[in-house]
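One structure is given below, encoded as structure tokens.
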Amino acid sequence: MLENLNKEQKLAVTTTEGPLLVIAGAGSGKTKVLTTRIAYILEKKLANPSEILAITFTNKAAKEMKGRVQKLVPFGIHEMQISTFHSFGLKIIKENYAELGFEKNLTILDASDSKTLIKKILSDLNYDTNMYNPNTIKNRISSCKNELIDAKGFERFIASAMDEVVHKVFLSYEKKLKTNNSLDFDDLLILPIKLFENKKILERYQKMFKYILIDEYQDTNEAQYILIKKLSANNPNVCVVGDESQSIYAFRGSNYKNILNFEKDFKNAIQIVLEQNYRSTQNILTIANNVIKNNKQRKEKNLWTDQIDGDEVVLNQVQDEKTEADYIAKKIKELKNEGEDLNEVGILYRTNAQARPLQEAMLENHIAYKVVGSYQFYGRKEIKDLLAYLKLLYNQNDDVSFMRVINEPKRGIGNKTIETLSIQAEEKNCSLYNAISEGKTLAFKETIEGLKQISEDITLTELVDEILDKTGMRSELKKENSAMADIRLENLEEFKSITTSFEENYGIISLGEFLDEISLLVDVVEEGEDVPKVSLMTIHAAKGLEFDYVFLPGVEEGFMPHCNSFACEDDIEEERRLCYVAITRARKQLWLLYTKSRMVFGRTQYSIPSRFIKEMELEGEQIETVDHKVDLNFSKNIDKTLEYKIGEKVKSDKFGEGIIVDVGEKILTVAFKGKIQKFIKGHKSLKKL
DNA sequence: TATATCGTTGTTTTT
DNA sequence: CAACGATATA
């Protein structure tokens, strides 16, 4: 088990007793250490599987860790608690809902649900949403919650008129969540802490875990930090792994100082530094080190490797975002022709908005790609509607879901009715659903009650069918008889394949379990399709991942560092860490790109090369400039005379019949059963029907 | 109450 | 540029 580890890694695995801080530089074998450590503890019979708690930040990381631990131990790992902070929190809340004053069937609001609720509160309180931006208020509230400041406690921080509004909305928001019997993401962290004020309960959880392991410790925020602190108060066996140079979630309240302070917080802590990088070539590491050394606040460490220098890092100035994307596509084609695996190619950008021209270039050049971490399917209206029905069936107090579906499909229930109902709910201090007493809304209530009854005797997939029938969603879409409606219907059918696969994996799964899983899930699990694909994602989403070949478009002032960070040196340092994370994703080769001008907000702006480029201390010959448009010569298959309209039916050789949902200058967006696909206009692989 | 059209306004990053 | 909200009209 210990054979393939270096000296420091071995020490990190075998130092099982007492607090341990592992400073693990990028690519230094952090996950390997964590998983081996778990296996080692079990092998030495220091704990039962159920006495191990391993916490990660993302579902992806949790899944990865589970998989790797499973490979190391001879028995099933289901008893082990390997999960994200949020799902661990949810589990605790669910086990103690009554203690917290909730009812059993809790539902979780996602970010857009929270925003909807805040908007509604603002309008109920007669505030102008133009003056008080719901997003800003949502972020303010979220920050407070993550710093463990509750609505009442916020009072003493009020310093402006805006703060007054935030305070009022905050109070109302918390009250609404409670009456709705629902939680937002932040609650998943802070409610367990609240629960732990009860000594008995806290003790129960403290006794549960003998060994606690935390990944990406530099990303813990105050709430997560306190949660761990409480849980481990009587247990010294806490192992945290992290790298303050990779702390990139300050906007979410994460505090890299937690890692710098670990030795103060946990008495007699041992520190191990992993500095040998097994991932990248010397050339890549050098520029990463050069950039990060400009940050003042950090533990001194220097990544080194015994790898060869490797290919030079390429820095390239291009005309604009289109040329940039074309250049990347051209390089990827070359890699492909050389026989490289497209799964080993990553394009990492600072903002999601940058993805578009890149996707277009991939399409134009027939390069298979996936956008990682985009909600394409779950974000679709019909899917959100269906989910809202499911949530409402599970929890009738969920006003957000109620509002979403009360008039979907159209039932003649408009603003007036809702307003009256809202007033009644306010008076009775109950949810909208429970305030129903008359009229068209009563018929709706009866439908829901009917569905609730039958839901007890049927499977989840059958329930979805019943919902589609009884609520009229299906008949409404059939009646509409448009191509768009057909696609919506097909997407709803596709949703059933998701519930089916859940049922196959988990056996019979209850509505509640399903909703819990899906609420914390970001991506649709990729179905089969073993075609190698280039990954497009934000730098944030790329953390913890690695690729042989990495492209970094938009290394410009305003993007990297992002313009919102200009005013504050701490924010610039975070952007620098982000740059560092991006660079260190690459194993073999890295391309850095910046434009002369870029379209931002629909306007062309001149670009300035990022200050980080200078900090990289690249050498002259590494810099090449592409001034001309990259010639891609793909036009022979294109019929430029074809015209398209939204709603038209088309047929693709690969995906079957679809419907055009968007027409761009060069790109068509087509919705197929269960997926959205983009095409070049006039390409022969897509025929009009 | 439903739908169409126009104008306005804001974009970092995510569990 | 697009998404969303306000306003007008059926």
**Prompt:** A/Phe612: what forms a ring pair (Phe, Tyr, Trp, His ring centres under 6.0 Å) with it, not counting sequence neighbours?
**Reply:**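 With neighbours one apart ignored, the set is empty.
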Looking for any heavy atom pair under 4.0 Å, which part of the strands does [X] touch: base, sugar-phosphate only, or nothing?
X	answer
A/Phe57	sugar-phosphate
A/Asp186	nothing
A/Asp110	nothing
A/Ser565	nothing

**Request:** Please tell me which of the listed nucleotides, B/dT15, B/dT3, B/dG10, lies nearest to the side chain of A/Asn133?
**Result:**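 Selected nucleotide: B/dG10.
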**Request:** Tell me which nucleotide among B/dT13, C/dA2, B/dT1 gets nearest to the side chain of A/Thr351.
**Result:**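 Nearest to the side-chain atoms of A/Thr351, counting from C-beta on, is B/dT13.
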Can you list everything that forms a side-chain hydrogen bond (donor to acceptor under 3.5 Å, both in side chains) with [X]? Sequence neighbours excluded, please.
X	result
A/Tyr225	A/Asp265
A/Asn180	none
A/Thr471	none

Between N or O atoms, less than 3.5 Å apart, protein on one side and nucleotides 4-9 of chain C on the other: list the pairs.
residue, atom, partner, partner atom, Å
C/dG5, OP1, A/Lys119, NZ, 2.9

**Message:** Should A/Phe85 be counted as stacked on B/dT15, where stacking needs a ring-centre gap under 5.5 Å and an angle between planes under 30 degrees?
**Reply:**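 Not stacked: fails the 5.5 Å / 30° test.
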**Message:** Tell me whether the count of non-hydrogen atoms from other residues, nucleotides or ligands lying under 6.0 Å of NZ in A/Lys194 goes above 12.
**Reply:**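 Incorrect, the count does not exceed 12.
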In whole angstrom, what separates [X]'s [atom1] from [N]'s [atom2]?
X	N	atom1	atom2	answer
A/Leu578	B/dT13	CG	P	11 Å
A/Gln354	B/dT13	CD	C1'	11 Å
A/Ile137	B/dG10	CD1	P	13 Å
A/Glu419	B/dT1	CD	P	10 Å
A/Ile572	B/dT13	CD1	P	17 Å
A/Asn59	B/dT15	CG	C1'	8 Å
A/Lys543	B/dT13	NZ	C1'	12 Å
A/Asn221	B/dT13	CG	P	19 Å

**Asked** Pick the nucleotide of DNA chain B nearest each of A/Glu574 and A/Gly412; which residue has the one closer to the 5' end?
**Response**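 Final value for this comparison: A/Gly412.
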**Request:** Name the residue closer to the 5' end of DNA chain B, choosing between A/Thr136 and A/Leu189 according to the nucleotide with the nearest heavy atom.
**Result:**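 Checking each residue's closest nucleotide, the 5'-ward one belongs to A/Thr136.
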Just to confirm, is there a sub-4.0 Å distance from OP1 or OP2 of [N] to any side-chain nitrogen or oxygen of [X]?
X	N	result
A/Arg356	C/dC1	no
A/Asn407	B/dA2	yes
A/Ser87	B/dT15	no
A/Thr58	B/dT14	no
A/Asn352	B/dT13	yes

**Prompt:** Is it true that A/Glu615 and A/Arg576 make a salt bridge, defined as a side-chain N closer than 4.0 Å to a carboxylate O?
**Reply:**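 Between A/Arg576 and A/Glu615 there is a salt bridge, with a charged N closer than 4.0 Å to a carboxylate O.
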**Message:** Enumerate the salt bridge (Lys or Arg N to Asp or Glu O under 4.0 Å) contacts for residues 81-90 of chain A, please, sequence neighbours excluded, ordered by first and then second residue.
**Reply:**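 Of all non-adjacent pairs touching residues 81-90 of chain A, none passes salt bridge (Lys or Arg N to Asp or Glu O under 4.0 Å).
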**Prompt:** Are a donor atom and an acceptor atom from the side chains of A/Asp184 and A/Tyr173 found within less than 3.5 Å of each other?
**Reply:**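 Distance-only check passes for A/Asp184 and A/Tyr173.
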**Asked** Which pairs with one or both residues in residues 558-572 of chain A pass side-chain hydrogen bond (donor to acceptor under 3.5 Å, both in side chains), sequence neighbours excluded?
**Response**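 Residue pairs passing side-chain hydrogen bond (donor to acceptor under 3.5 Å, both in side chains), neighbours aside: none found.
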**Request:** Not counting sequence neighbours, which residues clear salt bridge (charged side-chain N to carboxylate O under 4.0 Å, His left out) with A/Glu174? List them please.
**Result:**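 Testing A/Glu174 for salt bridge (charged side-chain N to carboxylate O under 4.0 Å, His left out), a comparison that skips the adjacent residues, returns A/Lys145.
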**Check: A/Phe444 ring centroid to A/Phe402 ring centroid under 6.0 Å** =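 So the answer is yes for these two rings.
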**Item:** Proximity to DNA chain B (any heavy atom under 4.0 Å), residues of residues 550-560 of chain A only
**Value:**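 Within this stretch, nothing sits under 4.0 Å of the strand.
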